[in-house]
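So you know, we letter chains A, B, ... as the sequences are listed, proteins then strands, and number each from 1.
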Amino acid sequence: MSAQEMPKAYEPAEVEKKWYSYWESNGLFKGRPNPEKKPYSIVIPPPNVTGILTMGHVLNNTLQDILMRWHRMEGYECCWFPGTDHAGIATEARVNKELMKTEHISRDDLGREAFIERVWEWKKKYGGTIIRQLRRLGASCDWDRERFTMDEGLSRAVRKVFVDLYNKGYIYRGRRMINWCPVSKTALSDEEVIYKDEQGKFYHFRYPLTDGSGHLVVATTRPETMFGDTAVAVNPNDTRYSHLIGRTVHLPLTDRDIPIIGDEHADPEKGTGCVKITPAHDPIDFQVGLRHNLEFISVLDKTAHLNAKAGPEFEGLDRFEARKLILKKMEEQGLLEKVEDLTHAVGYSERGGVPIEPMLSEQWFVKMEELAKPAIAAVRKGRIKFYPDRWTKTYFHWMEGIKDWCISRQIWWGHRIPAWYRGDETYVGVEPPQGEGWVQEEDVLDTWFSSWLWPFSIMGWPDKTPEQDYFYPTSDLVTGPDIIFFWVARMIMAGCEFKGEIPFSNVYFTSIIRDELGRKLSKSLGNSPDPLDVIDRYGADALRFSIIYIAPVGMDIKYSNEKCEIGRNFANKLWNACRFRRMQGEISPNFREVDDLVRNGRLTSDEAWMLAKLDACAIDMKKSLDEFKFHQAVHDIYELVWSSFCDWFIEASKVRFAAGGEAREQALRVLDYALWKLLRLLHPFMPFITEELAHQMGFLAESESIMYAEFPLPMSVREAAIPDAESVIAKTEAKFELISAGRTLRISYNIAPGKKIDFHIKAANDAMEEFLKKGMDSLKWLLNANSVTISQEDYHCDDASGAPSTLVAAGAIFLPLKGLIDVEAEKAKLKKQQTELLGWIRSSEAKLSNERFLAKAPPKVVEEAKAYLVDLKEKLARVESALAQMK
RNA sequence: GGGCGUAUAGCUCAGUUGGUUAGAGCGCCACGUUGACAUCGUGGAGGUCAUAAGUUCGAGUCUUAUUACGCCCACCA
C-alpha cells in the first residue's frame, strides 16, 4: 500500500475486524504443550454466562491480554484458558424473570426438569454474548479450550471433589443457622451477605414477670421474631437482675412463659442489660440456645412471612407488616417502653437485594479449617504473591478465622448434590447408587463450588491430561479484589488439596472502575458505558490503552468515555508517524539492525540519543511488566513515542531526509529500526494498530504476525550498545533545552513562526561547542533559523543595546534583533534569574559549609553538591555579565 | 469496634531505596494549517505536596498524632 492510500486519520473499525479474524483463523491464539518452550498460562476469571461485557471486564481482560501477548513475544508457549460460569442464582433468576415476562409462567409452573431445559436453551441462545464481545477487545484466548462450569467434564470434577471431601469427613450435612434469602428462597454463604449501615429503631419492650411482681425491659431491633423467643438472658454478674435467674417472664402476645437465664452474652452495658433470646432466628441466640438447651422455634417461612407458630392473628403476615402490628399491639397493652433511633448493620442478600433472614435449616457444609492451612502457608512463604501486596493481609485475616462453608442451595440451576437418600440411609457417590428407592438430594451446589476447581477442571481434571502436566500450575491470575474470598482463596485451597500444588504464582488485583463522580458503575444509575459502543467510537486499541493509562496504582479508576481520547489520539499519532515515513518511500532493506552504524561511530548524536532512549525504555518496560506495573509501562511508551520519537527525533530527521544521499539513507534506516522496535513494544497494549502498521510498513511478510515477533531486547544482548549512552542523552537533551529557549525567545519577541531568523549561541564549554556545531543542520531546522553562529563569546551587535538572550545549561542563545530589543524586559528577565541563582547559591553554600552534612552525607552526594555550586556560580557569572552589557 | 487505603496544579493522577529547581495528561491562555498528524505544533500561566509535631546534614518521600473521604472485616441484642 502506498502512502497515498493511508488515510490521514487512523480508522480502527476495519483494521480490527480484519486482524482478529486473521489471528483466530490462523490459530495464533492456540497454546499446546511444547517441551521446547517454557509455559505461560492464565485462566480467565469466568464471567457469568448471562453476562454482557462491562468496563470491569475490559480492564481485567486487557491486563490479561497484555500479559499473554507480552509473554508470547518473549518466546513462551502461551495459553489463555477461557470460559464462562453458570452463576446459579443469578442465571436462574434471570431466566425465571424472562419466563414471567414472555410466557407468564414461573419456574414452579414448569417443574424442575422442564425449567432446567429452558435454562440450557437460554444459555445456548444468549450465553455466548460475552465471549463474542471479548473478541472485539482483542483478547487472545485459546477459544478451542473454552469451557463452561456445567460442562460434563467439569461437572464430573465437581462430583468427585464432593465425594472425596465427604469421604474425608470434610463435608457434612447438618441443621445450622444459615443466611436465608427470602427472594431467591435459598441459603447463602456468609460471603454472599452484604452488610449495610442502616438507620433503624431500637424497640424497648416490657416482658412482665410471670408472678406479676414487675417486668423486665428487653431491647430489640427485630420485634417480629419475638414469637420465637424462648428465654430472656441477663448477665450472671449483673446484680440488677442476677436474683431473677431461674424465674420466668410471660411472653407478650402469646400464651407462653419463658425462663430468665444467666449468660455472659448479655452485656450489662448494652441496652437494658436484658436480651431476648430467639435461638431459631439469630446466630448468637442460636449459640445461647445450645448452651442452655432452649427450644428452637422457627416462626418465619421461606418467604419471610410469619407462620402458624406466631398465632392466628399474625400468621401469613410479611415480616415487616408483622413488625408494625406487633408494635401497635404492644403499645395498646402498655408494653412498649420506648423507641430509640439506632444505626446498625443489616445483612442484605447479594442477589435478592433484601435483608437476609438468619434461619435454622438443614444444609450441607464444608469444614474449611484444614483446607486453609496449606493455602495460608503458600502465601506466607511467598510461593504465591499478591499485587498489590497489601491484599495478603486481607487474605490472612479471612483464612485464619475461616468458617465452615454452606454449599447447598435451594435452587435448580447448578450441580445437583451427588447424595441419595433411602429411608435413614445416605449414599454419596460420583455415580447414582444401584438398587431401588433411592431419592437424590434436591439441592444444588453453590456456584463457587465449581469455580474453585477452575484452574485444573478447565484442563480436564480429574483425568490426567498433557495440559495439566504442562500448563498447571498456571502463571498469573488477574481478578478483582471483591472476589478474593469467593474465588481466589478457595482456588488456592482447592489447588493445594486436589492437585497438591498451588494454582498460580502471582495474583494481580485490578482496580475497581467508577464513574467520574466516584460512584460504582451500575445499570440502575445509568452510568455504565457499553464497551462495544466505546470500541465503535474510539477503537479497541484506544480503549485498552486509555484504561491502562488512567488506571491509578492500587486505587479505583475514575472513568469517562472522553478519556478514551488519550488512546485514540495516541493511535492516530503513531499512525501518522508511519504515514509520514511511507511518504519518504519504501522502508530500508536493512531496518532490522544498525550494528555497523553504531560500531563505526556513524550515528548522528540525535540518532544515538533516540536509540539510547529506546533501549532504556525497552528495559524499563520489561521491568515494569515483570512487576505488574502496567500503568508505568504505558506511560513510558507514550512518552517515548510522542515526545522523543515524534516531537524530537522525526523533526530532527526531516532535514536529513531533505539532504538526500547517504545522510538520507541512514536517517531512514535508523528511523525504520526505531519504528519497528516501537511497534513491538506497543503490541501487547495496542495489538490491532501495531499489526496493521507492521504490515503496511513492510516490517513483516504477509505470512508473519507481530504477535510472534520478538519483544525488543536491550541492544547489548545481540548488538553493539550505544557508547556513552548516558552522556549522549544528557548532551542531546541539553541541546533540546537550548532549542526550546530559542523558540521561547522568538515568541516573546512576536516573530512570526514561519519566519527564518538568525541565532547566536554562546556555548557553555568546548565540548558543548563542538557538540552543537556537529549537529548544525538539525539545530537550524529545529530553530527554524536562517543561520546559527556558535562560539563561546557573547553576541556582539553593532549598537550598544545588546540582544535578547536566554541562559540554560548548554549555554546562552541570543536573538539578534537590531534596535528591537526591549531592554527593560531583558533586564527584568535577567534580574529575576539572578535573584533565583543567588538564592540557590546561598542554600547550596549553607549546605556545603555545614560540617555535619560534609561528615554524614555520602561522598557522592557531597561531590554532586559541590559540582552543582560550581555550575550555579558559572551561570550567575554569565547572567551578571549579560546584565552588565545591558547598560 | 478492628483493619486497610487515599489526601501533590482547576480536574485525573505520577513521583523508584530520603539527595540539586516536585512532573505528565486533560482543561485554560497566546500564536500557528511551510505536505505526517488540528485526534496537531510551538510557547505560557498554574502547586506553602491535607494539618501538626518528630527523626535526619537533608522530608512530597520515614515516624507519630489529627482531620477528611473511601473500602473491607466484625455475633454493637
Side-chain angles (χ1 to χ4, degrees), chain A residues 3 6 8-10 177 195 202 218-222 233 265-267 269-272 274-278 282-288 342-345 358 388 390-391 393-394 397-398 401 481-482 484-485 512 514 516 518 538 542 549-560 562-563 565-584 629 631-632 635 638-639 643 646-647 650-651 654 740 743-748 750 752-754 784 836-837 839-840 843-844 847 850-858 860-862 864-865 867-869 871-872:
Chain A
M6 274 181 92
K8 251 181 124 168
Y10 173 54
M177 182 65 58
Y195 288 91
F202 204 25
V218 297
T220 180
T221 55
R222 308 262 345 251
H265 160 60
D267 182 347
E269 304 294 318
K270 268 180 207 157
T272 59
C274 304
V275 197
K276 70 192 219 27
I277 302 297
T278 321
D282 182 282
I284 316 155
D285 292 2
F286 176 74
Q287 296 300 329
V288 177
L342 170 89
T343 309
H344 63 145
R390 65 184 146 87
W391 292 108
K393 208 162 181 173
T394 308
H397 183 254
W398 187 74
D482 50 331
I484 184 169
F485 307 139
I512 290 169
R514 298 172 175 279
E516 282 173 299
Y538 297 96
Y549 190 93
I550 63 169
V553 187
M555 291 192 297
D556 295 350
I557 296 176
K558 286 188 185 158
Y559 174 86
S560 66
E562 294 71 47
K563 287 185 174 163
E565 288 174 12
I566 297 168
R568 182 199 59 183
N569 295 356
F570 181 64
N572 192 56
K573 187 75 181 174
L574 184 71
W575 177 263
N576 273 288
C578 291
R579 180 165 172 264
F580 171 68
R581 173 60 190 87
R582 285 309 309 266
M583 291 168 82
Q584 306 300 320
K629 293 179 179 169
H631 176 267
Q632 178 74 44
H635 277 258
Y638 181 90
E639 164 81 11
S643 170
C646 293
D647 290 348
I650 290 187
E651 286 309 315
K654 280 179 178 172
S740 294
R743 290 169 175 167
T744 310
L745 273 179
R746 290 182 71 115
I747 284 202
S748 54
N750 289 317
N784 193 21
E836 282 170 4
L837 282 166
W840 295 328
S843 70
S844 182
K847 187 195 263 185
N850 182 336
E851 281 174 33
R852 286 189 295 180
F853 172 69
L854 296 175
K856 293 194 177 179
K860 194 184 154 211
V861 172
V862 176
E864 281 169 2
Y868 179 56
L869 180 61
D871 272 1
L872 285 175

Looking only at side-chain atoms of [X], point me to the closest of [options].
| X | options | value |
| --- | --- | --- |
| N572(A) | rG25(B), rA36(B), rC37(B) | rC37(B) |
| R390(A) | rG5(B), rA36(B), rC76(B) | rG5(B) |
| V861(A) | rG19(B), rU20(B), rA77(B) | rG19(B) |
| D267(A) | rA77(B), rU39(B), rG43(B) | rA77(B) |
| V275(A) | rC73(B), rA36(B), rA77(B) | rA77(B) |
| H265(A) | rA77(B), rC40(B), rU21(B) | rA77(B) |
| F580(A) | rG43(B), rA74(B), rA36(B) | rA36(B) |
| W840(A) | rU21(B), rG32(B), rG19(B) | rU21(B) |
| R568(A) | rA14(B), rA36(B), rU39(B) | rU39(B) |
| K563(A) | rA14(B), rA77(B), rU12(B) | rU12(B) |

In whole Å, what separates the [atom1] atom of [N] from that of [M]?
| N | M | atom1 | answer |
| --- | --- | --- | --- |
| rC49(B) | rU8(B) | C1' | 4 Å |
| rG1(B) | rA14(B) | C1' | 36 Å |
| rG5(B) | rU64(B) | P | 12 Å |
| rC73(B) | rA65(B) | P | 25 Å |
| rA59(B) | rA53(B) | P | 14 Å |
| rU61(B) | rG25(B) | C1' | 23 Å |
| rG23(B) | rC4(B) | P | 33 Å |
| rA36(B) | rG19(B) | C1' | 42 Å |

I want to check one thing: is the phosphate of [N], taken as OP1 and OP2, less than 4.0 Å away from some side-chain N or O of [X]?
| X | N | answer |
| --- | --- | --- |
| S748(A) | rG44(B) | no |
| K8(A) | rG35(B) | no |
| K573(A) | rG41(B) | yes |
| N576(A) | rC40(B) | no |
| K276(A) | rA77(B) | no |

Have a look at [X] and say if it touches a base, only the backbone sugar-phosphate, or nothing, with a 4.0 Å heavy-atom cut-off.
| X | answer |
| --- | --- |
| I550(A) | nothing |
| F570(A) | nothing |
| A571(A) | nothing |
| K629(A) | nothing |
| C646(A) | base |
| T221(A) | sugar-phosphate |
| R743(A) | sugar-phosphate |
| K393(A) | sugar-phosphate |
| H635(A) | nothing |
| D647(A) | sugar-phosphate |
| A865(A) | nothing |
| G271(A) | base |
| P858(A) | base |

Partner nucleotide of [N] by Watson-Crick or wobble geometry (both distances under 3.5 Å):
| N | result |
| --- | --- |
| rG25(B) | rC11(B) |
| rU34(B) | none |
| rA59(B) | none |
| rU6(B) | rA68(B) |
| rC75(B) | none |
| rU16(B) | none |

Could you tell me how the ring of H631(A) sits relative to the ring of Y549(A): parallel (under 30°), tilted (30 to 60°) or perpendicular (over 60°)? tilted

If the plane angle is over 60° it's perpendicular, under 30° parallel, otherwise tilted; pick one for W575(A) and Y10(A). tilted

Would you verify whether the NZ or CZ of K654(A) falls within 45 degrees of the ring axis of F580(A) while also being under 6.0 Å from that six-membered ring's centre?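 Geometry flag: set, cation within 6.0 Å and 45°.
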
Is there a side chain to side chain contact (heavy atoms under 4.5 Å, CB included) between M177(A) and Q287(A)? Walk through the geometry before answering. CA-CA 9 Å; M177(A) 182 65 58; Q287(A) 296 300 329; over 6 Å; no

Heavy-atom donor-acceptor pair, E651(A) side-chain to rA36(B) base, under 3.5 Å: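 Indeed there is one.
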
K270(A) (side chain) and rC76(B) (base): donor-acceptor pair under 3.5 Å: no

Sorted by position of nearest nucleotide on RNA chain B, 5' first, the leading residue of Y10(A) and I284(A) is Y10(A)

If you assign R581(A) and R514(A) each to the RNA chain B nucleotide with the nearest heavy atom, which residue ends up on the more 5' nucleotide? R581(A)

Nearest-Å distance for atom pair [atom1]/[atom2], residues [X] and [N]:
| X | N | atom1 | atom2 | answer |
| --- | --- | --- | --- | --- |
| Y549(A) | rG23(B) | OH | C1' | 11 Å |
| K847(A) | rG19(B) | NZ | P | 11 Å |
| D282(A) | rC75(B) | CG | C1' | 7 Å |
| F853(A) | rU56(B) | CZ | C1' | 12 Å |

Could you tell me if the side chain of N784(A) sits less than 4.5 Å from the side chain of R746(A), heavy atoms only?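 With C-beta onward as the side chain, the pair touches.
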
Checking I650(A) against R581(A) for the side chain to side chain contact (heavy atoms under 4.5 Å, CB included) test, could you report, in this order, the C-alpha distance in whole Å, the side-chain angles of both residues, the deciding distance, and whether it holds? CA-CA 9 Å; I650(A) 290 187; R581(A) 173 60 190 87; over 6 Å; no

Kindly indicate, with the supporting measurements, whether the criterion side chain to side chain contact (heavy atoms under 4.5 Å, CB included) is fulfilled by T278(A) and R222(A). CA-CA 10 Å; T278(A) 321; R222(A) 308 262 345 251; over 6 Å; no

